[in-house]
Amino acid sequence: MLNRAIVEGTALAVLALAVLLLWLRERQKARPESDGGYTTREEIEFEIGRLQSEVYRWLTTTDHRDIGLLYIAFGTAAGLWGGVDAMMLRTELLTPPADIWTPETYNALFTTHGLTMLIFFVLPVFFGIGNYVLPLLIGADDMAFPRVNAVGFWLLPPALLLVRMGLLIQVLGQVLNLVLPADAIRFFLTMREVSVGWTLYAPLSVQQPNPQIDLLLLGLHLSGIATTVGAINFITTIVYERGEGVSWANLDIFSWNMLVTSGIALFAFPLLGSALVMLLLDRNLGTAFFATEGGGAILWQHLFWFWGHPEVYILFLPATGLMSLILPKFVGRKLFGYQFIVYSTLGLGVLSFGVWAHHMFTTSADPRVKLSFMAVSIAIAVPSAIKVFNWITTMWEGDIRLTAPFILCAGGIGTFIVGGVTGVFLAVIPVDILYHGTYYVVGHFHLIVVGIIPFLMIAASYYWYPLITGRWYDTRLARFQSLLIVFGSFVTFMTLLVIGGLGLPRRQAIYPPEYQFAQQIATVGGYVIGLSALLWLYNMLVSYWRGTPVTTTDPWGLKATNQFTREWQWFEQRLMDKYDMEPTEPETTRRSYAPEAEPTGLAGGVGTVAQTVSRNAWMAAAGGFVGTVLMSGGLITAILIGVLDPVSFGEIAELVGLPASPAIGAVLFLIGGTVTWPLLFLAFSDYLPGRLLFETGLVFATLISSGFAIAFYTGQSGLAFVGYLTFVVVSHWAYGIGLTVTFQYLKSDEVLQTRTDGGG
């Protein structure tokens with residue numbers, strides 16, 4: 001067995017040394033020597049004095065851009081540390097037995113990996129991005145409380161040290177043991193990283209004697225204070241520091257997301273702090289908050305997940321804000337459905353507090369309570385889906401530029417769709433009981449937290465790199481790195497979804513040999529992710545010195561699509577003031593999508609509520625009937641050639657309590673096709689991609705065909721299965737065409753009638 005402290009300490013030291021040497025080398029190359037290359041004593045003294053001055057400035061700065069860079073640097077360092085944990089985990093899983101680390105070390109690795117990434121990587125990086133660009137986006141001079149802002153950041157480094165103190169003390173103990181006897185340094189040799197899991201479930205976390213657990217709880221508490229302070233600052237800044245002309249109606253989408261994120265953090269983190277204090281009291285003063293005679297172990301789970309699930313949205317919402325901000329810039333179109341994205345963000349903020357118990361479906365909680373949480377958990381998919389539909393529609397017919405930020409945005413949408421859909425299954429109690437504790441959960445969770453979240457962090461770093469540094473990064477390397485991380489994420493976490501679906505338990509260092517090949521594929525994918533992270537770091541560091549200087553006030557050509565937002569206006573003004581640069585003007589401008597210029601609703605929308613409802617109802621019935629009749633032709637053909645079993649229609653009748661007759665089922669199917677699906681189409685047609693109604697109908701029909709294919713599947717295989725799927729899709733396209741053509745005809749006829757009645 002390898003010694004984790006030595007291996008991880010050495011890996012981190014080598015990484016830190018490589019970054020330092022790279023930085024010094026590039027800096028030395030960039031600085032010309034006026035005396036032929038020899039460094040004089042005066043120059044060394046000057047450099048030391050300058051270094052002291054720089055250190056003092058960074059330690060005492062309250063400027064929002066400096067604080068933002070400090071947050072980003074801290075979060076990146078923590079992310080690399082947590083990433084090393086992940087690489088060590090995946091290395092152990094290359095072989096079925098625990099032959100690299102002990103099972104206890106493996107448990108400690110996934111504990112510290114989870115806590116480091118969730119608490120000290122994601123949120124600090126988003127707070128850093130917010131600190132840097134949010135005041136620029138809203139036209140503020142600085143954050144509302146600059147000094148409090150600095151205090152909030154400087155609470156984080158000691159918090160991380162407390163949480164990871166076990167490893168540092170282990171490394172120190174290993175070094176001291178080279179010169180001192182073991183008895184004299186027993187404390188240093190007995191300290192261990194926590195291995196109770198990142199959820200810190202009681203009673204294990206109460207009963208385990210490892211003193212590092214107490215330090216970890218103190219560190220988490222300190223980080224919670226820092227997050228709360230930062231959240232208050234963001235909320236106050238957005239509410240009170242907005243510049244002239246920045247209203248709630250035209251507030252940028254990233255600021256909206258930071259506002260909602262901060263609101264969630266304001267309620268969630270104080271509760272986590274209270275739970276951590278209760279756990280500390282149970283461990284050290286003999287209280288019984290989480291003992292059987294007190295609240296019991298279930299109380300800890302309630303308190304933990306009341307923070308834990310909103311925490312997922314605290315991490316996720318800033319990423320969606322960046323997606324909504326950055327994606328339109330590289331497709332040449334304004335964000336589709338700005339208002340609906342804002343409403344969906346607010347909806348996610350509220351609903352995030354109502355789904356915590358879906359993490360507890362396997363506990364002894366009341367089944368009626370579980371049922372209510374299942375309903376809310378499924379409902380939360382709706383606002384998430386609205387975002388996805390809007391992003392896809394924004395790209396529709398866009399002038400796409402295949403840059404690194406766009407590749408990461410598109411990849412993030414893909415990973416989020418897979419991660420989100422697999423999450424809907426976990427929201428259903430029976431499915432969750434089946435997959436709880438398997439790699440399926442790991443795959444679903446990581447497709448979001450490793451997919452869309454880091455993707456958009458990196459996309460933001462590329463997008464704003466010219467603004468922050470005044471230089472370009474290596475764009476070719478950036479595209480390669482972006483493709484690499486998207487590829488590695490899909491390989492790793494799709495593999496985990498599959499082996500989780502086959503029932504392989506997670507959190508175990510030892511696993512059955514038949515899963516070895518799949519684990520090796522996942523590990524190779526993990527290494528690809530790690531390599532892409534190092535390439536990104538290399539590009540960021542080296543480009544700071546070697547990158548081509550920006551020579552235009554509009555580096556991304558945003559003026560051509562009327563998307564030259566406030567932070568770039570600030571950048572332009574800065575270049576004009578500092579370098580006397582002339583503002584860049586585009587040769588041509590491309591019309592950007594203007595939702596307000598489009599018709600309101602598919603079925604019109606003018607008139608009273610009663611008129612609108614009745615108009616929608618009869619149009620839906622007519623369109624649905626025509627579509628269902630056309631669809632029936634395809635289905636009857638499929639039955640005649642034997643790829644669709646009519647018995648499956650009988651199951652519809654049985655489902656609603658009627659005799660299992662195919663004829664009754666067919667009638668019910670006709671009613672559903674005439675009533676239910678057309679109304680759904682009317683409700684969601686505005687969010688479906690497609691320039692023409694005909695195209696939108698085909699998209700809708702394709703989506704609902706997947707549900708039909710699952711519900712009416714009766715065990716076909718081989719060519720019969722291919723034929724079954726083909727007829728299902730073709731029949732639904734016939735349904736979509738019939739539906740939309742009828743709608744279009746009725747709508748035109750209604751408009752003509754209105755003009756005639758009005759004398760037009």
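Within the 4.5 Å cutoff, no side-chain heavy atoms of F153 are placed close to those of F127. At least one side-chain heavy atom of N107 sits less than 4.5 Å from a side-chain heavy atom of F110. A 4.5 Å side-chain heavy-atom check between L496 and I499 finds at least one atom pair inside the cut-off. Taking 4.5 Å as the limit, every side-chain heavy atom of E311 sits out of range of all side-chain heavy atoms of L272. In this structure the side chain of T105 never reaches within 4.5 angstrom of the side chain of E193, judged on heavy atoms. The shortest distance between side-chain heavy atoms of F455 and I452 does not fall below 4.5 Å. Side-chain atoms of M278 and D282, non-hydrogen and from C-beta on, never get closer than 4.5 Å to each other. When side chains are defined from C-beta on, V450 does not count as touching F445, because their heavy atoms never get closer than 4.5 Å.
Under the 4.0 Å criterion applied to side-chain N and carboxylate O atoms, K370 and D432 are not assigned as salt-bridge partners.
F304 and W198 have their aromatic ring centers within a separation under 6.0 angstrom.
In this structure, F416 and F316 have parallel ring planes: the angle between them is below the 30° cut-off, well short of the 60° mark. Ring geometry for Y313 versus H309: interplanar angle of 30 to 60°, hence tilted. Note: F493 and H446 have parallel aromatic rings, judged against thresholds of 30 and 60 degrees for the angle between ring planes. Between W305 and Y201, the angle of the ring planes goes over 60°, which puts this pair in the perpendicular group of the 30/60° scheme.
Separation of atoms OG1 (T91) and CE (M87) is listed at 7.5 Å; rounding is to 0.5 Å. Put simply, OG on S223 and CG on L162 are 10.0 Å apart, with the number rounded to the nearest 0.5 Å. Interatomic distance, CG of L276 versus CG of L222, reported as 11.5 Å (0.5 Å rounding). For the atom pair CD1 (I458) and CD1 (I407), the distance works out to 12.0 Å, reported to the nearest 0.5 Å. Atom OH of Y527 and atom OG1 of T492 lie 11.0 Å apart (nearest 0.5 Å). Atom CG in L15 sits 6.5 Å away from atom CG in L534 (nearest 0.5 Å).
For the pair T116 (side chain) and H113 (backbone), a donor-acceptor distance under 3.5 Å is absent. When atom types are taken as modelled, the side chain of T495 and the backbone of A518 share no donor-acceptor pair closer than 3.5 angstrom. Between the side chain of W101 and the backbone N or O of M88 there is at least one donor-acceptor pair closer than 3.5 Å. A donor-acceptor pair is defined here as one N or O able to donate and one able to accept, closer than 3.5 Å; no such pair exists between the side chain of R192 and the backbone of Q170. Although no hydrogens or angles enter the test, the distance criterion places a donor-acceptor pair under 3.5 Å between the side chain of T287 and the main chain of L281. Checking side-chain atoms of Y435 against main-chain N and O of L426 turns up no donor-acceptor pair under 3.5 Å. For R283 (side chain) and P211 (main-chain N/O), no donor-acceptor pair under 3.5 Å exists by modelled atom type. Proximity of a side-chain donor or acceptor of S377 to a complementary backbone N or O of A427 within less than 3.5 Å is not detected.
Within 6.0 Å of CZ on F267 lie no more than 12 heavy atoms contributed by other residues, nucleotides or ligands. Heavy-atom neighbours of F425 CZ from other residues, nucleotides or ligands within 6.0 Å: at or below the threshold of 12. Counted within 6.0 Å of OH on Y515, heavy atoms from surrounding residues, nucleotides or ligands total more than 12; the atom is thus considered enclosed.
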| field | Audit row: L80, L537, side-chain contact (heavy atoms from CB on, under 4.5 Å) steps and yes/no | value | CA-CA 10 Å; L80 291 172; L537 185 64; 3.9 Å; yes

| task | Show your working on side-chain contact (heavy atoms from CB on, under 4.5 Å) between L160 and F74 and close with a plain yes or no. | result | CA-CA 10 Å; L160 177 61; F74 171 82; 3.8 Å; yes

| task | Verify side-chain contact (heavy atoms from CB on, under 4.5 Å) between I314 and F126, making sure each step is shown before the conclusion. | result | CA-CA 10 Å; I314 290 171; F126 281 139; over 6 Å; no

| task | Step by step, work out the side-chain contact (heavy atoms from CB on, under 4.5 Å) result for L115 and V194. | result | CA-CA 11 Å; L115 288 171; V194 175; over 6 Å; no

| Run the ring pair (Phe, Tyr, Trp, His ring centres under 6.0 Å) check on F306 and W356 step by step: do they pass? | CA-CA 5 Å; F306 191 78; W356 82 88; 5.2 Å; yes

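Between the side chains of E8 and W81, at least one donor-acceptor pair of N or O atoms lies under 3.5 Å.
With respect to Q481, the side chain to side chain donor-acceptor pair (under 3.5 Å) criterion is satisfied by exactly one of W536, Y538, Y462: Y462.
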